[in-house]
Amino acid sequence: MKLLKEILYKVGITEVVGTTNVAVEHITFDSRDVKPFTLFVAQKGTQVDGHKFIAKAIENGAHVIVCEELPETFQQGVNYVKVANSSSALAYIAANFYDNPSEALKVVAVTGTNGKTSVVTLLHQLFQNLGFKVGMLSTVVNKIGTEDIPSTHTTPDAISLNRLMARMVDEGCMAVFMESSSHAIDQHRVTGMDVDVAVFTNITHDHLDYHGTFSEYIKAKKKLFDSLRSDAVAIFNADDKNGEVMVQNCDGIKKGFGLKTVAEYRAKVLENQFTGLHLTIDQTEVHTHLVGAFNASNILAVYAVAMELHQDKLEVLTEISNLQPVSGRFQYFRTPENISAVVDYAHTPDALKNVLSTIKQIRTGNEQLITVVGCGGDRDKDKRPVMADIACTWSDKVLLTTDNPRTENPQEIINDMQAGVSPVHFKKSMQIVDRKEAIKAAVAMSQAGDIILVAGKGHETYQEVDGVRHHFDDMETLQEMFKRLKNS
């Protein structure tokens, strides 16, 4: 229980109707989650305006309402706090309600179009292996030490985020490694958080359905760095042309990392095989289980964070050699028939190109590369033809199929992709709407030595169609199809 006046610290209050000297036992932005002594925050969301549910929240027992627009009439016994921005207010209220857990942890926030999940997962692995108890907030799963907690968003809402971090503090975690999506930053889910290290991986074409322009997308991610304290560290990818832009006007200590560019942290790929990378990091040779130049960049980011958190260089490099690949990120296996299979989350043009270029570096050229790829519905349509073009340019055969169509017609999504296939590549592409059938077809047409890439869904264990999630796992389906082929 907290007094209202205690949890309004840093909230941009413009007016109070009632008193702030009342007890608050629960906070929420969902009127269905209200119970007695609840503070309800009315947010203006992208889909729903929480102000429409103020009356319902009061009916369910809310005695404090935080809102941007006060209702025309006031209920007796209810206290109203008018704020400039409800989403920002919610973040500060949540942090204060849970005793500002980010101040008790080393918070490492990772943002970028690609690589966020890999970097936070590898950091969690690394620090656990170094003997620390640490937390993780990611697209795939949240973790407190070794305990798995299901994840529903890349970055949780402000209340869930602070509640999880408070549990991490209570259970003895020294740090948390978290993904910070552009949506989360723009929607103030991480506002007021005490970030010790912010990491920028890269930025490419994505989420323009939400941000509108690439410039706005960059601005959203840049907010993470603009909010850093002067003693916090901003680690940025110096190989990305927007890396320097991301840390402009940042008060924190700036440290770059790169494979190609002069930077504080450097690495060089010596050998790249399906079995892993052989590289130098700060002039020390390291073997890893991860594959591809993009993963060399991710590993270098992880190393940079470890150094900035004052870990021993030799111990860190030793443990980096033991790190295991992240689920659904260039997840590889080879069949008894000598067919190589890769499952990857690549759902942006740049990520798909990275995976395909990595395979090109490894392959001999005498085998077929068969790519299964789709694009999500209700998302940025501009990338659909681009992804199909990349798939066809870098592959020998391409199966255009369904990803998560959500509320869109799957065939129309595929048609958008097909528009990017040039006439010279037309014969190598094929449309199969059913994703399982597309994977089955890829397996059927493969021969010894060939490589199959299934891209787009990676770690996901569902396929969302018309708002309903059905079980679907790319790796599971791929392995099932190979078993059928073997038994046929």
Side-chain angles (χ1 to χ4, degrees), residues 2 6-12 27 41 83 85 87-112 116 119-120 123-124 127 132-138 142-145 153-201 220-236 246-247 249-255 301-302 304-311:
K2 293 280 195 305
E6 295 174 340
I7 61 176
L8 292 178
Y9 179 58
K10 292 187 179 180
V11 174
I27 58 175
V41 180
V83 296
N85 185 298
S87 296
S88 173
L90 177 66
Y92 285 115
I93 287 167
N96 293 330
F97 187 79
Y98 287 104
D99 296 320
N100 294 288
S102 66
E103 295 178 3
L105 295 162
K106 287 291 184 184
V107 178
V108 178
V110 182
T111 195
K116 297 187 297 296
V119 171
V120 300
L123 278 167
H124 184 270
F127 276 78
F132 297 100
K133 186 170 185 178
V134 290
M136 180 178 84
L137 300 167
S138 83
N142 299 319
K143 283 180 174 286
I144 298 177
H153 292 81
T154 301
T155 311
D157 65 79
I159 296 174
S160 300
L161 184 62
N162 281 278
R163 184 168 55 239
L164 280 167
M165 291 175 68
R167 272 196 61 196
M168 292 174 191
V169 173
D170 290 343
E171 296 186 28
C173 292
M174 62 80 68
V176 57
F177 307 108
M178 61 176 290
E179 294 187 50
S180 294
S181 68
S182 58
H183 292 70
I185 297 168
D186 187 61
Q187 294 168 8
H188 294 281
R189 287 183 239 159
V190 294
T191 292
M193 187 166 296
D194 187 38
V195 176
D196 297 280
V197 181
V199 182
F200 168 69
T201 58
K221 290 194 175 293
K222 191 177 183 314
K223 289 176 186 175
L224 177 66
F225 298 89
D226 292 346
S227 66
L228 292 179
R229 321 183 300 269
S230 60
D231 62 337
V233 183
I235 297 175
F236 65 97
M246 200 61 56
V247 296
N249 307 316
C250 166
D251 290 336
I253 302 160
K254 305 175 187 71
K255 297 289 183 76
V302 168
V305 171
M307 292 299 97
E308 294 302 322
L309 292 182
H310 312 298
Q311 299 305 301

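Heavy atoms only: backbone and side chains are in, while hydrogens, waters and symmetry mates are out. Given the structure is predicted, the values throughout are model-derived calculations rather than measurements.
- Considering every non-hydrogen atom in both Leu105 and Val176, the closest pair reads CD1-CG1, 4.1 Å.
- Put simply, CD on Glu171 and NZ on Lys133 are 5.0 Å apart, with the number rounded to the nearest 0.5 Å.
- If you take CD1 on Ile253 and OG on Ser230, they are separated by 7.5 Å, rounding to the nearest 0.5 Å.
- Remark: Met136 CE to Met168 CE distance equals 9.0 Å, nearest 0.5 Å.
- Counting heavy atoms from C-beta outward, Val305 and Ile235 have side chains that approach closer than 4.5 Å.
- Few gaps surround NZ on Lys222; more than 12 heavy atoms of other groups in view lie less than 6.0 Å from it.
- The shortest heavy-atom contact between Cys173 and Gly145 is SG-N, 4.2 Å.
- When each of Ile144, Asn142, Asn162 is tested with Arg167 by the rule side-chain contact (heavy atoms from CB on, under 4.5 Å), just one qualifies, namely Ile144.
- Heavy-atom minimum distance, Ile185 versus Ser180: CD1-O, 3.9 Å.
- Summarising the geometry of Thr201 relative to Gly112, their closest heavy-atom pair is OG1-CA, 3.3 Å, with the distance given to 0.1 Å.
- Here the CG atom belonging to Asp231 is positioned 10.5 Å from the CG atom belonging to Asp251, to the nearest 0.5 angstrom.
- Looking only at side-chain heavy atoms (C-beta outward), Val120 and Leu137 stay at 4.5 Å or farther from each other.
- Interatomic distance, Lys2 NZ to Asn96 CG, rounded to the nearest 0.5 Å: 9.0 Å.
- Closest non-hydrogen pair, Val119 versus Ala301, comes out as CG2-CB, 4.3 Å.
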* **Phe177/Phe127 under side-chain contact (heavy atoms from CB on, under 4.5 Å): CA gap, chis, key distance, verdict** => CA-CA 10 Å; Phe177 307 108; Phe127 276 78; 3.5 Å; yes
